[in-house]
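Below is one structure, written out as structure tokens, with a few remarks after it.
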Amino acid sequence: MATSEDAVNESSDFVKDFSCGACESKHIETSAEFFCETCLKCFCQTCLYHHDQMFVNHLTYGRGDSKKWPLTKTTEDLLLKCDVHNSKTLQMFCQTHRQLCCSDCVLLNHRPCTNVALISESVKNMSVDNRQLSNRIQVIIADLNTLNRSIETDIHLVEGSYSEKLQEIREVRKKLNAALDCLEKSTLKELDTIRTTLQTALKEDVDNCSRLKDELQQLSDAVQDLCGKSKKDIEFIASSKCLDKILESESYLKENTAKIQSFMIFKANIKLDQFLTKQSSLGRICTLNPNQVLTVQRKSEYYVDTLIDTSPIKTCSIFGICSLPSGHAIVADNDNTTVKLLDQHYNVSGHCDVADAPCDVCQITSSEVAVTLNDKGVQFMSVSNGQLVNGRKLQLPHAAFGIAHHQGALYITSGYALYHYNLTGALVKKLYEDTSDGTRVWRCAVSPICDRIYVTNYAQHKLLTLAKDGILISTFTDPELKGPSGLRVTPSGQVIVCGFESDTVIQVGREGRKRLATLASKKEGLSYPMSVCYNSNSHQIIVGMQDNNRIIAMILK
């Protein structure tokens with residue numbers, strides 16, 4: 001007999017699934033509050049009073065003893081109904097295929113099988129660990145949540161990438177005349193089509209994650225309901241269903257966790273003005289994989305020393321390199337306090353002396369670059385008529401070593417901090433700082449959509465990956481990356497880093513967590529590599545070294 005009343009939670013599934021049997025016979029729908037183990041019926045508070053008057057010795061349980069209650073109808077339907085033939089009840093188990101079967105399943109798919117037996121027979125030689133099953137389900141749900149968040153991040157990246165590339169298209173379009181209307185239309189159509197394709201695939205993945213999570217959670221709840229009920233047949237069914245769903249979910253996670261984030265880029269056709277009538281679009285839109293491993297086909301060496309070099313030991317130290325869309329390259333020669341212009345064949349074709357030793361160089365426009373100087377300055381230069389010309393100079397209140405640019409934002413390192421400036425020299429924000437001993441914030445590079453900023457920590461042999469706001473996302477170390485120095489991110493998002501002390505150039509994954517490949521090492525002629533860049537015009541990686549008159553150009557497959 002019940003000795004206390006349990007509070008009724010009118011919104012719970014438990015209440016909805018159990019109705020008072022006595023009230024039901026009178027066509028009255030009332031939530032049950034007690035279960036009689038002897039009668040195997042549920043009662044509301046009113047009906048329980050009459051029941052207890054007639055059956056004094058019957059044992060009843062309130063909601064606080066839910067484990068003593070029978071399974072809910074929802075749970076029974078989830079576990080006992082065949083997943084293929086919804087109107088059929090599971091009755092048999094095929095040992096050959098490890099599948100639960102209803103009568104239709106046996107008739108249609110398991111007639112040749114010799115190891116089909118009733119579930120009541122199959123369950124005799126098995127035991128079910130409901131807690132372990134539930135734990136596995138919860139682990140997979142957590143993994144699905146992680147994957148789901150990653151996919152949702154991809155959706156935002158696609159949208160951000162879409163907006164940026166659309167703007168680039170508009171900027172290119174402004175430089176052209178009315179004859180480009182038809183080309184713009186075809187390009188935007190391609191952009192929209194790719195965007196739709198990407199979003200459709202990603203949203204489908206989100207739906208799949210949600211479905212698997214819901215199904216796993218239902219099974220997990222069902223397994224919890226089974227605890228302590230000694231329902232061997234149903235426990236066997238629940239175990240089989242859980243294992244099947246776990247295998248399905250693990251397979252899905254295995255197939256989808258390795259998916260690499262993708263985004264769209266727009267490659268403008270720089271020869272459009274000359275060949276307008278021959279073109280079919282404003283440029284090429286495609287999705288690129290930032291973790292696609294680069295493969296070196298062959299390498300070449302080029303000398304960048306000149307007769308007018310002023311270094312006492314007559315060597316060059318190429319601390320910085322960048323390439324322009326025209327195929328020209330610009331190198332910062334620290335030893336000779338000069339910045340040199342290289343033609344498409346990497347011959348020195350011009351130079352500009354600077355006030356102090358140059359450290360790094362980055363592209364600002366198709367013909368302008370910015371160079372960091374040891375005297376706390378940033379020197380702007382431009383290519384005009386095949387010559388390198390000095391422009392304006394920014395004076396900073398701190399040292400300037402590494403530099404990167406993205407859509408009007410300058411990112412400058414000082415050895416202990418990373419700063420965000422605008423092109424007029426106004427400080428926007430100090431993004432990151434590490435004032436410990438040694439050079440902790442050495443060089444920097446920015447991803448194509450500026451959602452990642454990569455920083456080399458020379459003193460601790462680390463590559464840091466920061467969010468756009470300077471929050472540290474990951475820290476990477478590797479035996480192949482000792483004394484990390486110069487680094488670059490390709491237009492496809494591939495991260496390339498120099499190991500100054502390990503004499504290596506490696507490729508690191510977009511998330512900055514693992515090495516994807518060693519692109520060059522000492523056996524390829526590397527000696528204290530200090531700087532690196534990607535030449536999109538010739539699809540080459542160019543490496544500059546300290547105390548070395550050569551640069552190495554690696555042609556990629």
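Sequence positions, counted from 1, serve as the residue numbers for this chain.
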Start with the C-alpha gap between I552 and I542, add the side-chain angles, then the distance that decides, and say whether side chain to side chain contact (heavy atoms under 4.5 Å, CB included) holds.
CA-CA 6 Å; I552 293 178; I542 313 169; over 6 Å; no
Kindly compute the distance separating [atom1] ([X]) from [atom2] ([Y]), expressed to the nearest 0.5 Å.
{"X": "Q507", "Y": "L294", "atom1": "CD", "atom2": "CG", "result": "4.0 Å"}
{"X": "R195", "Y": "L188", "atom1": "CZ", "atom2": "CG", "result": "12.0 Å"}
{"X": "S326", "Y": "N537", "atom1": "OG", "atom2": "CG", "result": "7.0 Å"}
{"X": "D503", "Y": "S527", "atom1": "CG", "atom2": "OG", "result": "5.5 Å"}
{"X": "M554", "Y": "Q540", "atom1": "CE", "atom2": "CD", "result": "10.0 Å"}
{"X": "R452", "Y": "I473", "atom1": "CZ", "atom2": "CD1", "result": "4.0 Å"}

Side chains of [X] and [Y], heavy atoms from C-beta outward: is any pair under 4.5 Å?
{"X": "I330", "Y": "L324", "value": "yes"}
{"X": "V339", "Y": "M381", "value": "yes"}
{"X": "T439", "Y": "V441", "value": "no"}
{"X": "E250", "Y": "R136", "value": "yes"}
{"X": "L133", "Y": "I246", "value": "yes"}
{"X": "N457", "Y": "P484", "value": "no"}
{"X": "V508", "Y": "K514", "value": "no"}
{"X": "L427", "Y": "Y419", "value": "yes"}

Where the side chain of [X] meets the backbone of [Y], is there a donor-acceptor pair that is under 3.5 Å apart?
{"X": "N145", "Y": "I141", "answer": "yes"}
{"X": "N535", "Y": "H539", "answer": "no"}
{"X": "S323", "Y": "G327", "answer": "no"}

Would you say [Y] and [X] are linked by a side-chain donor-acceptor pair, where the criterion is simply a distance under 3.5 Å?
{"X": "T338", "Y": "N336", "value": "no"}
{"X": "Q218", "Y": "D214", "value": "no"}
{"X": "S502", "Y": "T504", "value": "yes"}
{"X": "T424", "Y": "N422", "value": "yes"}
{"X": "E511", "Y": "T465", "value": "no"}
{"X": "D192", "Y": "Y162", "value": "yes"}
{"X": "H345", "Y": "Y302", "value": "no"}
{"X": "S521", "Y": "E524", "value": "yes"}
{"X": "D309", "Y": "T306", "value": "yes"}
{"X": "S281", "Y": "S186", "value": "no"}

With sequence neighbours left out, write down each residue that passes ring-ring contact (aromatic ring centres under 6.0 Å, His included) with [X], or none if nothing qualifies.
{"X": "F500", "result": "Y528"}
{"X": "Y416", "result": "none"}
{"X": "F319", "result": "none"}
{"X": "H420", "result": "Y411"}

Keeping to residues at least two apart or across chains, list the salt bridge (charged side-chain N to carboxylate O under 4.0 Å, His left out) pairs with something in residues 363-380.
D375-K393
Could you pull out the closest heavy-atom pair between [X] and [Y], with the gap in Å?
{"X": "G425", "Y": "L394", "answer": "CA-CD1, 3.7 Å"}
{"X": "C359", "Y": "R443", "answer": "O-NH2, 3.1 Å"}
{"X": "L388", "Y": "V383", "answer": "CD1-CG2, 4.0 Å"}
{"X": "F401", "Y": "D360", "answer": "O-CB, 3.1 Å"}

With R488 as the cation and Y534 as the aromatic partner, state whether NZ or CZ is under 6.0 Å from the six-membered ring centre and within 45° of the axis.
no
For the pair H398 and Y421, name the ring-plane relationship: parallel under 30°, tilted 30 to 60°, perpendicular over 60°.
tilted
Evaluate side chain to side chain contact (heavy atoms under 4.5 Å, CB included) for I496 paired with I506, printing each intermediate quantity in order.
CA-CA 6 Å; I496 308 168; I506 70 171; over 6 Å; no
Could you note down all residue pairs passing side chain to side chain donor-acceptor pair (under 3.5 Å) where residues 543-557 supplies at least one of them, sequence neighbours left out?
E301-R550, S317-D547, N548-R550
Show your reasoning for whether side chain to side chain contact (heavy atoms under 4.5 Å, CB included) applies to I555 and K299.
CA-CA 6 Å; I555 300 173; K299 73 172 184 69; over 6 Å; no
Dump the intermediate steps for side chain to side chain contact (heavy atoms under 4.5 Å, CB included) on L202 and V158, then the final yes or no.
CA-CA 10 Å; L202 290 168; V158 169; 4.0 Å; yes
